[in-house]
Amino acid sequence: MATKGEGAGQAFGPVLAAVATMQGNASRTEKTHAHEFLEKFQKSIEAWTVTHELLQSPDVQVEAKLFAATTLKGKITYDLDQLPAESLPALRDSILALLTAYASGPRPIQTQLCVCLSSLAIQMTGWKDVLSTVGSALGNTAGDCVLEFLKVLPEEVTEGRKINLTEEELSARTKELLDDNADQVLHLLTQYAQSSPSAAMSPRLLDCITSWMREIPASKIVDSPLMGVILKALDNEPSFESAVECICTIYRDTREVDDCLPVIQAVYPQIIALRPKIRESAEAEDADTLRGVTRLFAEAGEAWVVLIARLPDEFRTLVEAVLECCARDKERDAISLTFIFWYELKQYITLDRYAEARDKFADVFSQLVDIMIKHLEFPTPDGDEEDLFDGDREQEEKFRQFRHSMGDVLKDCCAVIGVTECLSKSYQLIQQWVSKYASQATNTHVPHWQELEAPLFSMRAMGRMVDPEESSVLPQVIPLIVQIPDQEKVRFQAIMALGRYTEWTAQHPETLEAQLNYVISGFQHSSPEVVQAAALAFKFLGTDCQKLLGGHIPQLHSFYESVIDKLKPASQEEVTEGVAAVVAVQPVEKIYETMKLFCDPLMARIMNLANNAKDEQGQRAVADHLQLITIFVQVVSPYVGPGQENPAVKYCGEILPVMSTIVMNFTSSTPILERVCRCWRYMIISYRTAMIPLLPSLAQSLASGFELSREGCFLWATDAIIREFSDGAEYVDPTTSEAVYQFFEQQALVFLRILNELPPQNLSDVIEDFFRLAGDAMRFYPKKCVTSSLAVPIFSAALSALTLQQVDPLIATLHYYRDLLSFGFDHPSVSEFAGPNGEPYSNPAEIQAAVRQLVSSQGQVLVQRILTGMMFTFPGDCFPDASGVLMTLFEMMPHEAGAWVQSTLQMLPPGSIKPGESEKLMKGILDKIQTGETRKIRVLLQDFTNSYRRRNVAPREGLGRLEATRFRFSG
């Protein structure tokens with residue numbers, strides 16, 4: 001007979017082996033098997049005993065014990081019904097005993113056990129003296145565990161939706177555990193804080209206070225001795241962060257400023273008294289403390305911002321403190337914490353009612369502009385001028401993102417003190433640099449370039465705020481910018497700044513030529529970043545100054561041909577957008593020849609590239625150039641009256657056969673096929689009914705392309721035709737509309753054949769595109785769709801699609817069902833039709849009957865697929881649409897839908913539903929049906945499926961931790 005220790009070892013030996021596999025250097029297959037074993041173990045009944053044995057064994061490694069504690073937490077949260085009710089007090093006592101055993105740590109295990117105890121306390125509704133039981137069991141030997149439990153309890157009650165209690169039960173338990181104990185906890189925490197100096201400085205105490213501020217009003221904390229404890233803890237490094245969090249939580253409780261004025265008046269002077277800490281931490285180069293102090297002032301400002309706007313004199317010191325934090329943050333580590341405050345303050349003081357505050361804070365915002373522009377400067381390197389961040393790419397990226405956030409603050413400043421003053425500051429800094437250093441600058445060396453680049457960036461950042469009519473600063477600064485020297489980052493910023501002011505340039509044509517020359521010269525720069533900036537700026541110049549450039553087509557063509565082959569694809573697109581915008585404003589009689597001038601060379605390139613596209617890179621080049629043609633199609637859309645030939649469509653007719661040939665030659669190249677289909681789709685969108693002459697050949701190309709390639713992009717392009725040429729569309733004759741519907745059915749037949757040959761998992765993109773198309777066909781051709789011989793096969797194909805687990809195809813399929821089912825009612829919400837006076841479309845009885853007949857024959861499987869999807873496989877984003885389909889079924893056929901739900905529940909694995917759970921759900925559904933409250937069934941089904949999924953399907957916590965690097969535990 002084995003000893004107790006040997007028996008325990010045998011019981012949890014397989015678990016320890018699996019844990020070791022997860023943490024070790026085992027193969028991927030071994031780890032997968034171990035993961036599956038542990039996942040199954042966590043949901044088993046045996047886990048109750050094994051977790052306790054692991055936690056009680058002195059020989060088990062700490063990582064395995066943490067896994068056991070986490071598993072026990074999951075058991076109590078989700079599986080408490082596996083235990084008889086009379087065993088719960090014993091479970092409680094065993095957790096208390098474990099907490100005593102782990103009184104000295106490790107802390108992560110302590111925390112998990114406290115969560116276990118809290119979760120059990122919520123569900124043991126008969127346990128009334130929770131705090132006194134825990135206090136008497138742990139107080140003498142495990143005092144820190146009492147604090148940890150007190151901290152965790154409010155958090156777990158707040159997260160109580162995980163627990164299988166009704167709303168009423170949870171609400172009652174919340175009152176018992178939190179509301180009724182708030183005063184007692186405040187007294188306990190005060191006693192603990194006064195028990196010793198070390199206790200008063202305990203971060204755990206402060207964390208506990210923060211947690212209970214969900215229940216204890218801030219006013220009671222502020223009026224108690226605890227407020228002094230919190231403030232004093234700011235002087236103690238180990239407790240500093242917890243004290244900051246505690247104070248910021250007090251702020252959040254005082255956001256309703258009119259109701260909390262006494263509290264704010266009590267706290268405000270105590271916070272202002274902390275202002276010397278800004279200077280002290282900055283001078284000591286203590287970044288962590290400066291960050292915490294900045295947070296204290298910035299979050300106070302956020303909470304009380306409306307008072308600041310009402311009482312600018314009384315609260316000026318707080319605003320100045322936030323400004324000082326910004327000014328002293330040399331490392332730019334804390335300043336981001338102030339950005340929300342500046343935005344919120346701007347939002348208030350730019351209102352007319354707070355005009356006085358705007359005037360009184362004008363000097364603060366003026367200083368803020370100076371501070372922000374200074375912070376925008378790149379660092380000055382100690383050594384290599386080329387590497388400003390000493391190889392720290394993460395720091396470099398962080399700085400770039402940070403600059404754009406500071407640009408938003410500059411916009412806030414513009415709103416408060418006006419664009420002219422803010423721009424003037426940038427202009428003055430540029431002017432200062434020019435007067436100081438311009439004479440020393442060469443192409444190879446630009447002294448102190450950071451001081452020039454930062455104001456240029458600030459100008460670019462503020463561009464959106466500047467009115468095209470601005471006449472004070474821009475006429476002076478724009479001519480200055482086009483003389484900026486050739487240092488890479490400065491040139492980049494100068495070109496980007498010009499690109500931001502092209503709307504202004506359109507109204508000041510005298511400045512256009514110099515800017516255009518400066519931007520175009522950027523295409524010859526050795527820096528790829530400068531070239532990219534030039535392409536972007538040219539796009540905006542072409543778009544905003546298109547009428548000014550309209551007479552320069554020959555020069556633009558020459559420029560375009562000279563640069564297009566040297567650019568990266570993204571820059572090619574931007575330059576093409578700029579050129580296309582100028583082509584778009586040509587007289588209608590010149591559109592065809594101008595499009596031909598620019599697009600024929602592109603088509604020649606495409607054909608040449610296609611003839612030599614032997615690999616993926618070559619095919620990508622073809623696709624990139626096809627996108628340039630699409631840009632012309634998107635942008636060049638001349639107005640031509642009905643019955644007249646559209647010159648752009650005339651050109652499309654010339655290139656359509658070439659594109660069709662490319663499709664036939666590259667049926668396995670997704671990039672090429674997608675770009676061709678995108679071009680065809682935009683031909684329909686841009687030229688609409690003017691495309692009718694090309695429709696037969698385009699439809700044939702789309703049909704052939706889909707059949708040969710099986711790529712969903714052909715369905716995506718088909719959808720544009722369905723939308724534009726449906727029944728009743730303006731200028732579309734019935735013959736054309738009927739032909740378009742027949743085209744849809746042709747595409748649908750090919751799709752169904754493909755789906756019959758391949759599993760849905762291999763066709764997720766095609767499924768997504770088809771059901772988006774089918775949904776639109778339903779909306780525009782409802783009668784044809786529901787009476788078609790393809791109605792049942794398409795419905796069944798959608799059932800197959802519901803076995804997928806990817807969000808996009810599932811949502812497309814669920815939307816198709818919602819669109820279809822809506823036509824089972826008098827007024828389908830998705831119909832594109834309306835009466836002559838705009839009244840809702842009245843759905844004919846024959847369409848309603850056809851939809852209901854379809855649902856009667858297929859509804860059982862539909863409910864089964866959707867309900868099991870919600871319980872097992874659907875991603876969370878699909879739940880609203882999935883439950884929406886179920887709701888529509890209940891509205892349409894309530895009793896049948898109820899029966900379908902019940903038969904689905906009977907198919908679930910034995911033991912996966914708690915006793916009585918199915919009956920409870922069905923009773924709730926039947927009650928709602930009888931009272932006509934079918935919409936409320938949605939909540940019942942969502943709660944049931946969420947609960948089922950958490951218990952039986954979703955992974956429990958703890959496994960991810962095992963796969964990570966081994967944890968380091970401190971006592």
Side-chain angles (χ1 to χ4, degrees), residues 3-13 15-16 19-20 23 41-42 46-77 79-80 83 87-124 127 129-153 155-156 188 192 198-199 202-205 207-208 956-958 961-962 966-971:
T3 66
K4 182 178 180 183
E6 290 169 339
Q10 289 170 358
F12 57 65
V15 176
L16 286 179
V19 168
Q23 292 182 303
F41 161 74
Q42 286 187 311
E46 295 74 27
W48 290 105
T49 307
V50 174
T51 52
H52 275 80
E53 291 174 345
L54 282 165
L55 286 163
Q56 291 163 352
S57 173
D59 302 322
V60 172
Q61 287 187 331
V62 71
E63 291 88 355
K65 289 184 175 183
L66 178 60
F67 169 73
T70 307
T71 298
L72 182 59
K73 177 183 73 174
K75 300 300 291 179
I76 293 171
T77 303
D79 301 331
L80 205 58
L83 301 179
S87 69
L88 297 187
L91 174 61
R92 174 193 65 196
D93 295 342
S94 70
I95 296 171
L96 287 167
L98 286 169
L99 275 168
T100 303
Y102 285 93
S104 58
R107 175 80 179 272
I109 296 179
Q110 273 184 11
T111 300
Q112 293 300 318
L113 290 173
C114 286
V115 174
C116 289
L117 193 58
S118 298
S119 184
L120 184 60
I122 298 167
Q123 296 176 79
M124 278 182 70
W127 181 13
D129 56 344
V130 172
L131 293 191
S132 58
T133 302
V134 174
S136 59
L138 302 178
N140 295 328
T141 54
D144 278 354
C145 290
V146 177
L147 281 178
E148 189 68 16
F149 173 74
L150 284 175
K151 170 185 172 290
V152 164
L153 183 62
E155 297 168 357
E156 290 304 303
L188 285 172
Y192 183 86
S198 61
S202 167
R204 285 193 175 194
L205 169 67
D207 293 342
C208 201
R956 300 279 170 89
E957 290 180 57
R961 198 178 267 130
L962 290 175
R966 184 181 293 266
F967 269 54
R968 293 171 57 193
F969 294 95
S970 56

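Note that these values count all heavy atoms, side chains included, but never hydrogens, waters or copies made by symmetry. These figures come from a predicted structure and were not determined experimentally.
- Listed for the Y102 side chain is a donor-acceptor partner under 3.5 Å among the backbone atoms of L55.
- Q56 contributes atom CD, which lies 9.0 Å from atom OG1 of T51 (distance to the nearest 0.5 angstrom).
- Side-chain contact between L98 and H52: present, with at least one pair of heavy atoms (C-beta onward) separated by less than 4.5 Å.
- Between the side chains of T71 and Q42, at least one donor-acceptor pair of N or O atoms lies under 3.5 Å.
- Looking at K75, its side chain never comes within 3.5 Å of a backbone N or O of C116 through a donor-acceptor pair.
- The main-chain N or O of A103 is found under 3.5 Å from a side-chain atom of Q110 such that the two form a donor-acceptor pair.
- Within the 3.5 Å criterion, the main-chain N or O of S198 finds no donor-acceptor partner in the side chain of S202.
- For the pairing with P106, the side-chain contact (heavy atoms from CB on, under 4.5 Å) check across T111, L66, V62 returns one residue only, V62.
- S119 places no side-chain N or O within 3.5 Å of a backbone atom of V115 that could act as its donor or acceptor partner.
- Under the side-chain contact (heavy atoms from CB on, under 4.5 Å) test applied with L120, the options V130, L72, I76 reduce to a single match, I76.
- For the residue pair S118 and F149, the shortest heavy atom distance occurs at OG-CE1, 3.4 Å.
- D79 and W48 get closest at one heavy-atom pair: O-CZ2, 3.4 Å.
- Side chain of S57 to main chain of L54: no donor-acceptor pair is present (N/O by atom type, distance under 3.5 Å, no hydrogens or angles).
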